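Remarks on the structure that follows.
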Amino acid sequence: METTYQPHEIESSWYQTWEEKGYFAPQGGDSSYCIMIPPPNVTGSLHMGHAFQHTIMDALTRYKRMQGNNTLWQVGTDHAGIATQMVVERRLAAESQQTRHDLGRDAFIEKIWEWKEESGGTITNQMRRLGNSVDWANERFTMDSGFYHAVQEVFIRLYDEGLVYRGKRLVNWDPKLHTAISDLEVENKEVQGKMWYLRYPLADGVKTAAGEDHIVVGTTRPETMLGDTGVAVNPDDDRYKDLIGKFIELPLVGRRIPIVGDEHADMEKGSGCVKITPAHDFNDNEVGKRCNLPMINVLTFNADIRDEAQTFNTDGSVNEDISGFIPEKYRGMERFAARREIVADLKAAGLLVKIEENAMTIPYGDRGGVVIEPMLTDQWFADAKTLAKPAIEAVKNGDIQFVPQQYENMYNAWMNNIQDWCISRQLWWGHRIPAFYDNEGKVYVANDKEAARQKYGLDQEVELRQDDDVLDTWFSSALWTFGTLGWPENTQRLQTFHPTDVLVTGFDIIFFWVARMIMMTMHFMKDEDGKPQVPFKTVYVTGLIRDESGDKMSKSKGNVIDPLDMIDGISLPDLMAKRTGNMMQPQLAAKIGKRTEKEFPEGISAHGTDALRFTLAALASTGRDINWDMKRLEGYRNFCNKIWNAARYVLMNTEGEDCGQLSTNGQSGAVELSLADRWIASKLQEVEAEVVKHFDEYRFDMASQTLYDFIWNEYCGWYLELSKPVLWDEAASAEAKRGTRRTLVRVLETLLRLAHPIMPYITEEIWQQIKGLTGKEGDTIMLQPFPEASKDKQDPAAEADIEWLKGMITGVRNIRGEMGISPAKELEVLLQNGSDKDQARLTANHTFLSKLAALSSITWLNPGDEAPMSATQLIGGMKVLVPMAGLINKDAELARLQKELDKLQKEVGRVEGKLSNEKFVSNAPEVVIAKEREKLDAAKSSRDKLQEQHDKIAAL
RNA sequence: AGGACUAUAGCUCAGUUGGUUAGAGCGCUACCUUGACAUGGUAGAGGUCGGCAGUUCGAAUCUGCCUAGUCCUACCA
């Protein structure tokens with residue numbers, strides 16, 4: 001083995017071996033375990049958040065697989081409608097200055113499929129490097145042919161059940177992407193805007209209660225006044241209630257619009273009068289419905305002013321009676337230009353009362369990045385309220401649990417107030433809606449035209465054309481847990497693995513995906529009793545991975561790191577190029593370059609997959625965002641090196657040697673276990689139990705902490721050192737040597753299995769090299785049983801003895817450290833006041849103590865003997881004395897003792913205070929009081945002994 | 001406006017039903033090329049647990065208020 005850990009060399013081949021041998025596929029077994037990957041965008045690449053979630057999923061998968069479950073981690077990708085279409089449109093523009101319209105629908109979609117083939121390998125390659133043990137043989141895609149059927153089936157059935165419908169509704173319209181988007185895809189941003197107060201003249205000579213010939217309305221979007229169809233006042237508002245039923249003459253347009261009474265008008269706010277534009281505002285739309293006001297759409301799909309407005313009745317039918325007149329000068333104007341013009345014209349007409357600064361939130365499209373317009377269009381909707389009912393119930397009754405639980409609140413709040421889901425998108429890339437129209441616009445929903453004719457009894461002569469729209473990406477990914485397993489066929493995989501066990505995902509897509517998956521699954525998947533099946537039993541919600549200062553990682557901030565670059569390393573120039581290349585906002589490049597240079601002056605060095613995974617696991621405390629810290633990664637890379645070198649040590653001392661019974665070396669000598677052997681084996685049982693518990697509770701941070709602490713401090717720090725005296729001592733028996741060799745190997749082998757779910761590569765590599773020494777058979781650690789703690793290996797006496805030994809050794813080392821005695825200098829040590837147990841322990845551990853503390857002699861003094869001047873440590877009641885002559889500086893020792901004394905005195909004072917408190921003694925449980933008494937006695941006795949020592953030395 | 005979360009060592013974070021001398025990694029100080037490992041070893045320093053009240057014999061932990069920050073939802077004529 002190499003003297004230092006070289007991750008690249010061991011990682012390159014193992015994954016291929018595992019995959020070729022089919023270890024990732026379900027291995028059979030009585031109980032099944034299944035995780036569905038949240039499908040990443042097929043043309044994207046994995047970022048740190050993915051690496052994080054994948055580490056958790058893979059750790060769970062490997063853990064459950066080793067425990068003997070029939071385990072499936074289902075892999076696949078999402079077609080990601082808008083995101084992917086935008087990428088390809090950008091590329092098309094860059095390559096040939098063409099738009100998708102230049103190509104036409106079919107050719108453009110063909111282009112996207114090409115791009116998918118070209119770039120789809122990025123993610124799979126990344127996943128392989130991350131060691132993800134997914135079932136590649138059954139990889140799925142949300143637009144593969146199986147999904148195509150599942151999506152059609154779902155849509156048609158929902159339509160037939162009345163849970164999907166089409167209607168002319170006000171939706172969030174993205175004027176850049178030319179599509180409707182759902183409420184969730186709108187990002188509200190805080191901005192400083194303006195509120196304009198406009199004077200609307202009353203028609204027919206009517207006057208307000210205050211005698212004025214106009215009323216005042218406020219608006220933040222003056223251009224929408226072109227579509228006003230009413231003004232609302234509160235029916236209880238004495239200032240205006242008499243005006244209800246009277247009319248306004250709409251400025252600039254000249255339309256007569258009614259004054260209506262509606263609760264929506266808040267008497268306290270603004271003037272108390274509200275202009276009503278049902279085609280361009282969600283609230284106004286509601287008012288319009290209540291007061292039977294027509295809808296006038298004044299915007300094009302670009303959000304420019306139309307040449308002539310579209311006019312509709314309240315129910316969405318076309319209204320032929322109202323004029324769609326728009327003053328000529330505004331026609332074709334961009335919306336914000338029209339706003340400026342209209343304000344200027346109103347001002348010129350003396351109708352602008354005032355302008356106020358107004359802090360407000362403005363809706364932006366999360367993809368297109370432009371201001372969203374509420375737009376009146378024909379769209380498809382899903383009846384989310386009905387679908388949500390069982391989904392709410394499933395979380396309420398515990399069939400589905402969120403980890404951490406707090407996310408259930410978030411889920412419930414949203415689900416209880418859910419709005420119908422706009423599922424149609426005016427895009428080309430996606431599942432085209434299986435709806436067909438005849439020439440009268442009548443709709444038929446079926447798989448294809450033929451099926452539609454049959455289903456609805458239409459003649460061949462009836463011309464049908466398919467709906468141009470596609471479904472929201474989330475509509476298909478909502479079917480992920482059962483669609484990937486073969487639904488609508490009732491496949492073996494579906495029966496075996498559904499419901500799945502745990503979903504690992506970020507809180508940011510609980511609404512987008514998790515909630516919808518629960519709704520869809522429970523509607524379509526039923527068990528034998530017809531009871532709705534949940535898609536998964538547990539939702540493990542991860543936090544976001546942020547950069548070291550807590551900022552979200554994003555391309556425009558220039559703080560993203562490709563997980564592969566942490567694994568393989570990357571030079572500064574390459575990293576700079578990666579971060580600043582192909583940017584949406586090239587002007588940021590210089591700043592990002594500087595930042596990168598400062599952050600990584602030497603680039604990033606290679607750390608290996610295992611170190612990255614271990615770091616992510618160690619940072620995975622539940623429900624918390626993670627601020628990424630390169631130092632942590634380095635630390636855990638060092639941990640890998642530690643394991644590597646411990647394995648080297650073990651191999652050097654066991655390979656070709658007799659490791660006792662059950663070894664496959666051909667020898668099988670008798671074995672005697674040293675105290676240290678029994679101790680480490682005993683401690684190992686605790687670790688096994690803890691790791692299992694932590695995995696079962698999704699506490700990967702605790703699991704990694706437990707492993708780190710035990711491997712580094714106990715196994716490497718103490719046990720390997722304690723093995724040396726046995727292995728290297730001529731006098732030690734052959735039995736003892738075999739016992740220690742066997743323990744060295746077996747504990748290491750067990751630790752490798754414990755750590756394997758988190759660090760697959762290094763554990764496999766080392767396991768392969770030591771398996772023969774343990775008598776293990778098997779081709780891979782992946783399919784070895786996960787360790788289980790056994791009670792009969794626990795040895796409390798050995799644990800206590802080693803604790804004592806550690807105390808002795810640390811005590812002497814402390815004296816060395818504080819007194820400045822060279823570690824090379826062998827010391828003579830005197831012991832005094834030891835109990836029988838101390839004496840027995842000393843006898844049993846004389847060699848360990850001498851070697852590890854570097855002692856030349858250990859001598860017992862009788863209780864009354866006068867000790868030479870010494871530096872002193874107390875181990876329980878026993879004094880450990882290191883004679884000072886020629887070694888120790890008197891002042892230093894006095895200072896050291898004084899420091900100890902101060903500590904003890906403080907402790908004595910604290911505990912005495914507690915125990916003299918009548919209330920404490922009478923109220924606290926007996927155990928707690930006894931513990932305090934013990935503490936007090938120990939502290940007092942130690943203090944007195946040290947005081948005595950201090951006085952002696954001081955008197956010199 | 002409603003809700004959730006966060007605040008612990010210089011930094012990044014643990015601390016599971018209230019009872020520890022409040023922990024880890026990194027960083028810091030001193031010493032050490034001891035035959036697994038300097039990606040190492042040994043010994044240290046460093047915290048009035050955001051603030052104020054309260055409950056309790058006892059609070060980092062429970063309650064209330066306040067401050068700072070993050071996020072979600074809704075609304076803003």
Side-chain angles (χ1 to χ4, degrees), chain A residues 1 3-5 183 188 193 195 197 217-221 224 231-232 264-266 269-277 281 283-284 287 358-361 404 406-407 409-410 413-414 417 507-508 510-511 543-544 546 548 550 605 607 611 615 618-619 621 623-632 634-653 697 699 701-702 705 708-709 716-717 720-721 724 728 810 813-824 854 903-904 906-907 910 914 917-925 927-929 931-932 935 939:
Chain A
M1 289 172 84
T3 54
T4 54
Y5 165 64
D183 298 345
N188 290 305
M195 171 91 81
Y197 287 88
V217 295
T219 180
T220 55
R221 294 187 296 154
T224 62
V231 169
H264 172 66
D266 187 336
K269 269 190 194 166
S271 64
C273 305
V274 189
K275 66 191 266 309
I276 301 298
T277 324
D281 182 281
N283 282 315
D284 292 5
V287 176
N358 186 36
M360 54 189 195
T361 52
Q406 76 218 24
Y407 286 106
N409 293 333
M410 199 169 134
W414 190 69
N417 189 26
F507 66 88
D508 48 331
I510 288 179
F511 302 145
L544 249 47
R546 300 171 175 279
E548 66 289 340
S605 61
H607 296 85
T615 307
L619 291 170
S621 45
R624 209 181 150 125
D625 284 358
I626 291 170
N627 293 356
W628 181 254
D629 180 5
M630 287 304 285
K631 290 289 183 188
R632 266 321 257 278
E634 275 170 39
Y636 292 123
R637 191 266 323 267
N638 296 352
F639 178 51
C640 291
N641 187 57
K642 193 76 181 173
I643 296 174
W644 186 257
N645 278 290
R648 282 182 61 224
Y649 170 81
V650 171
L651 277 171
M652 286 165 74
N653 287 286
E697 290 174 351
R699 289 305 302 264
D701 56 332
M702 304 281 245
Q705 180 63 39
Y708 183 95
D709 180 58
C716 295
L720 294 195
E721 293 309 316
K724 289 173 186 175
W728 298 350
T810 310
R813 284 175 179 171
N814 175 268
I815 291 175
R816 272 185 204 279
E818 299 269 308
M819 295 296 103
I821 304 170
S822 154
K903 243 191 228 170
L904 285 165
K906 218 172 126 192
E907 171 78 355
R910 197 183 60 82
K914 226 173 177 178
N917 181 346
E918 164 55 22
K919 286 178 172 172
F920 172 70
V921 179
S922 55
N923 283 311
V927 200
V928 174
I929 297 170
K931 214 165 134 193
E932 293 295 321
K935 255 192 237 168

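Chain naming here is simple, since letters A, B, ... match the order of the sequence lines and numbering starts at 1 in each. The structure presented is a predicted model; accordingly, all values stated were derived computationally and were not measured.
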* Asked: Under 5.5 Å between ring centres and under 30° between planes: true for A:Trp728 and the base of B:rG35?
  -> yes
* Which part of the nucleic acid does A:Ala646 contact within heavy-atom distance under 4.0 Å: base, sugar-phosphate only, or nothing? -> base
* **Pairing residues for A:Glu721 by the salt bridge (charged side-chain N to carboxylate O under 4.0 Å, His left out) criterion, not counting sequence neighbours** => A:Lys724
* Check for a donor-acceptor pair, side chain of A:Asp709 on one end and backbone N or O of A:Gln705 on the other, with a separation under 3.5 Å. => no
* Spacing of A:Asp709 atom CG relative to B:rA24 atom P, expressed in whole Å -> 9 Å
* Which nucleotide in the set B:rG19, B:rG35, B:rA4 lies at the smallest distance from any side-chain heavy atom of A:Gln406? -> B:rA4
* Asked: When rounded to the nearest 0.5 angstrom, what distance separates CG in A:Asn638 from OG1 in A:Thr4?
  -> 11.5 Å
* Asked: For every nucleotide of nucleotides 55-62 of chain B, 5' to 3': is a protein heavy atom under 4.0 Å from its base (B), only from its sugar-phosphate (S), or from neither (-)?
  -> --B-----
* To do: Take the protein atom NZ of A:Lys724 and the nucleotide atom C1' of B:rU34, then report the distance between them rounded to whole Å.
  => 8 Å
* What is the distance from NZ of A:Lys931 to C1' of B:rU21, rounded to the nearest Å? -> 12 Å
* **Counterpart residues, ring-ring contact (aromatic ring centres under 6.0 Å, His included), relative to A:Phe639 (two or more places apart)** => A:Phe614, A:Tyr708
* Atom pair distance, as rounded to whole Å: CG in A:Asn417 and P in B:rG3 -> 15 Å
* Structure fact -> Applying side chain to side chain donor-acceptor pair (under 3.5 Å) to A:Lys631 and not counting sequence neighbours gives none
* Output, in order, the C-alpha distance, side-chain angles, deciding distance and verdict of side chain to side chain contact (heavy atoms under 4.5 Å, CB included) for A:Val928 and A:Phe920. => CA-CA 10 Å; A:Val928 174; A:Phe920 172 70; 4.0 Å; yes
* Structure fact -> Of B:rU70, B:rA36, B:rU20, the nucleotide closest to the side chain of A:Leu720 is B:rA36
* How would you list, by chain and number, every residue that makes a salt bridge (charged side-chain N to carboxylate O under 4.0 Å, His left out) with A:Arg546, sequence neighbours excluded? -> A:Asp625
* **Nucleotide-resolved protein contact map, nucleotides 39-50 of chain B, B/S/- at heavy-atom distance under 4.0 Å** => BSSSSSS-----
* Mind checking what makes side chain to side chain donor-acceptor pair (under 3.5 Å) contact with A:Lys935, not counting sequence neighbours? -> A:Glu932
* salt bridge (charged side-chain N to carboxylate O under 4.0 Å, His left out) with A:Arg699: which residues, sequence neighbours excluded? -> A:Asp701
* Structure fact -> Hits for ring-ring contact (aromatic ring centres under 6.0 Å, His included) against A:Trp414, two or more places apart or cross-chain, chain-then-number order -> A:Phe511
* Which residues share a side chain to side chain donor-acceptor pair (under 3.5 Å) with A:Asn409, sequence neighbours left out -> none
* Which dot-bracket notation, 5' to 3', represents the base pairing of RNA chain B when pairs are defined as Watson-Crick or G-U with both distances under 3.5 Å, crossing pairs as [ ], and inter-strand pairs as |? -> (((((((..((((.....[...)))).(((((.......))))).....(((((..]....))))))))))))....
* Asked: A:Glu907 has an atom CD; how far is it from atom C1' of B:rG19, in whole Å?
  -> 13 Å
* To do: Report, as a single string ordered 5' to 3', how protein heavy atoms within less than 4.0 Å touch nucleotides 7-17 of chain B: B base, S sugar-phosphate only, - not at all.
  => S----BSSSB-
